2 protein chains.
Amino acid sequence: MLTEKDKRSFQDYLTQKGLKLSGPRMKILEVVLQGTKHLTANEIYGNVQKRYAGIGYATIYRTLRLLCEAGLCMELKCEDGVCRYEHAGDDAHHDHLICTKCGRYVEVVDPEIERLQERLFKVNGFFPQRHRLELYGICRKCKG
Amino acid sequence: MLTEKDKRSFQDYLTQKGLKLSGPRMKILEVVLQGTKHLTANEIYGNVQKRYAGIGYATIYRTLRLLCEAGLCMELKCEDGVCRYEHAGDDAHHDHLICTKCGRYVEVVDPEIERLQERLFKVNGFFPQRHRLELYGICRKCKG
DNA sequence: GCTAATTTGATAATGATTATCAACTTCAAA
DNA sequence: TTTGAAGTTGATAATCATTATCAAATTAGC
């Protein structure tokens, strides 16, 4: 799942910003894009360690920020106070359905809801930037 | 805005839990219910200090938790990683429109959106518990 | 008023994230 | 290919909101 396109995309972003593509950055990009979605920085640190020992915490955080800025990742500020990261891929915006028992994240979109949100912005005289919708419940598996 | 009903409500909650209604708890209840909505614990601490010096940080946090449990307050986990509190009053559930320039919070509800959210839960086999919807944009005043 | 149970304030601890800094890499030009 | 200025790294200290700890002070039912 680590395409040449992604690599180039990261490379381009760095160059454009006058930054450099280092070994650690490349390794982190690889592990993040090949791993599961919705991992914490700590979990990503663990995954990176497994394959490439020696990369520090700070570099994980720094690189995750770069990946977000480059549009390759998205940061979710979760209710437990910890950030989770999902690789953005080419998929459009989506919201999340979150199981409060097992912590599973399901991605959902409802175009109708999106439309009504735009209306709420307009009605209240706000220029829309972004939104966050999280639905908390218990998934079928946990409900038993 | 601190009604007898609120006092009784807090008192009842404490009694029912085998807890006590102390001076500090009463003072914090008063300041919180009379103050603005969407304040941080830190801001509430400041407001309490102004009127009743000597109450410690820990007591603010502890009492805010009790007020939430008693249904007199609600905690909002905000994107900046800080919690804000709003007194629940009798008003129903609502979502928030947040100005990214001035930080203003506007409370909004759209019954249609609420309905569609329920449908999303159902379609995905989730038992619904609660949700969080935050709309970020720039308010008319800041837009100029 | 007495007393057991609860609460308080001060402060240390926690846990995620960010800042610091000397040593190490990168990369474009020579 | 060597070089050196600029950027990066890992270790670790710092930060910041929130919680835990604990001895001293308060509360409420008798």
Side-chain angles (χ1 to χ4, degrees), chain A residues 7-8 10-32 38-46 48-49 51-70 73-85 103, chain B residues 7-8 10-32 38-46 48-49 51-70 73-85 103:
Chain A
K7 280 192 215 172
R8 218 174 320 114
F10 192 30
Q11 171 72 273
D12 287 351
Y13 175 77
L14 293 172
T15 307
Q16 169 220 325
K17 285 275 181 185
L19 305 175
K20 293 169 180 171
L21 179 51
S22 65
R25 284 183 181 162
M26 203 57 185
K27 290 169 184 163
I28 294 170
L29 171 67
E30 178 198 320
V31 171
V32 168
H38 307 122
L39 298 182
T40 64
N42 189 38
E43 290 163 340
I44 291 171
Y45 172 78
V48 170
Q49 282 306 326
R51 215 171 322 173
Y52 305 108
I55 292 182
Y57 248 105
T59 304
I60 298 291
Y61 275 103
R62 286 186 287 231
T63 305
L64 284 172
R65 165 177 304 163
L66 289 174
L67 291 177
C68 288
E69 289 170 7
C73 267
M74 283 201 38
E75 186 185 72
L76 293 178
K77 302 239 180 186
C78 297
E79 282 211 328
D80 58 3
V82 186
C83 287
R84 266 155 251 267
Y85 297 85
Chain B
K7 282 192 213 172
R8 218 173 321 113
F10 192 30
Q11 172 71 273
D12 288 351
Y13 175 78
L14 293 172
T15 307
Q16 169 220 327
K17 284 276 181 182
L19 305 176
K20 294 171 179 171
L21 179 51
S22 64
R25 283 181 182 165
M26 202 57 184
K27 290 169 184 165
I28 293 169
L29 171 66
E30 180 199 319
V31 170
V32 168
H38 308 120
L39 298 183
T40 64
N42 190 38
E43 290 164 341
I44 291 171
Y45 172 77
V48 169
Q49 282 306 327
R51 216 171 320 173
Y52 305 107
I55 293 181
Y57 249 105
T59 304
I60 298 291
Y61 275 103
R62 286 185 287 231
T63 305
L64 284 172
R65 169 181 300 167
L66 290 174
L67 292 177
C68 288
E69 289 169 9
C73 265
M74 283 201 40
E75 185 184 73
L76 293 178
K77 301 238 180 188
C78 297
E79 281 211 329
D80 58 4
V82 186
C83 287
R84 267 156 251 266
Y85 297 85

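What you see is a predicted model; the values in this text were computed from it and never measured. First the proteins, then the strands, lettered A, B, ... as listed; each starts at 1. Below, all heavy atoms of this structure are taken into account, side chains as well, without hydrogens, waters or symmetry copies.
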Whole-Å distance between C:dT11 P and B:Tyr61 OH? 17 Å

Taking for each residue the nucleotide of DNA chain C with the nearest heavy atom, is it B:Leu66 or A:Leu21 whose nucleotide lies nearer the 5' end? B:Leu66

Whole angstrom value for the distance that separates C1' of C:dT8 from CD of B:Gln49: 13 Å

Taking only the side-chain nitrogens and oxygens of A:Ser22, find out if one of them lies under 4.0 Å from OP1 or OP2 of D:dT8. no

Would the base of C:dT6 count as contacting B:Lys20 through its side chain, where contact means a donor and an acceptor less than 3.5 Å apart? no

Could you state the NZ-C1' distance from A:Lys17 to C:dT26, rounded to the nearest angstrom? 20 Å

Phosphate oxygens OP1/OP2 of D:dT19: is one of them under 4.0 Å from a side-chain N or O of B:Arg65? yes

For A:Leu19 and D:dA6, give me the distance from atom CG to atom P, rounded to whole Å. 14 Å

The single option from A:Tyr52, A:Tyr61, A:Tyr57 that satisfies ring-ring contact (aromatic ring centres under 6.0 Å, His included) with A:Tyr45 is A:Tyr57

State whether the distance check finds a donor on one side and an acceptor on the other, under 3.5 Å, for side chain A:Arg62 versus base D:dG7. no

To the nearest Å, give me how far apart CG (A:Leu76) and C1' (C:dA16) are. 16 Å

Measure OH/A:Tyr45 against P/C:dG15 and give the value in whole Å, please. 17 Å

Relative to the 5' end of DNA chain D, which residue comes earlier, B:Cys83 or B:Pro24, by the nucleotide with the nearest heavy atom? B:Cys83

Write down the distance between CD (A:Gln16) and P (D:dG7), rounded to a whole number of angstrom. 15 Å

Got a salt bridge between A:Glu30 and A:Arg51, using NZ or NE/NH1/NH2 to carboxylate O under 4.0 Å? yes

Touch class at under 4.0 angstrom, heavy-atom based, for A:Arg25 against every strand present: sugar-phosphate

Would you say the side chain of B:Tyr85 lies within less than 4.5 Å of the side chain of B:Val32, judging by non-hydrogen atoms? no

When you measure from the side chain of A:Thr59, which nucleotide among D:dT18, D:dT9, C:dG9 comes out closest? D:dT9

Can you tell if the side chain of A:Leu64 reaches within under 4.5 Å of the side chain of A:Glu75, non-hydrogen atoms only? no

Specify the residue among B:Gly81 and A:Gly18 whose closest nucleotide of DNA chain D lies further upstream toward the 5′ end. A:Gly18

Distance in Å, A:Asn42 CG paired with A:Arg84 CZ, rounded so as to fall on 0.5 Å steps: 10.5 Å

To the nearest Å, give me how far apart NZ (A:Lys77) and P (D:dA17) are. 13 Å

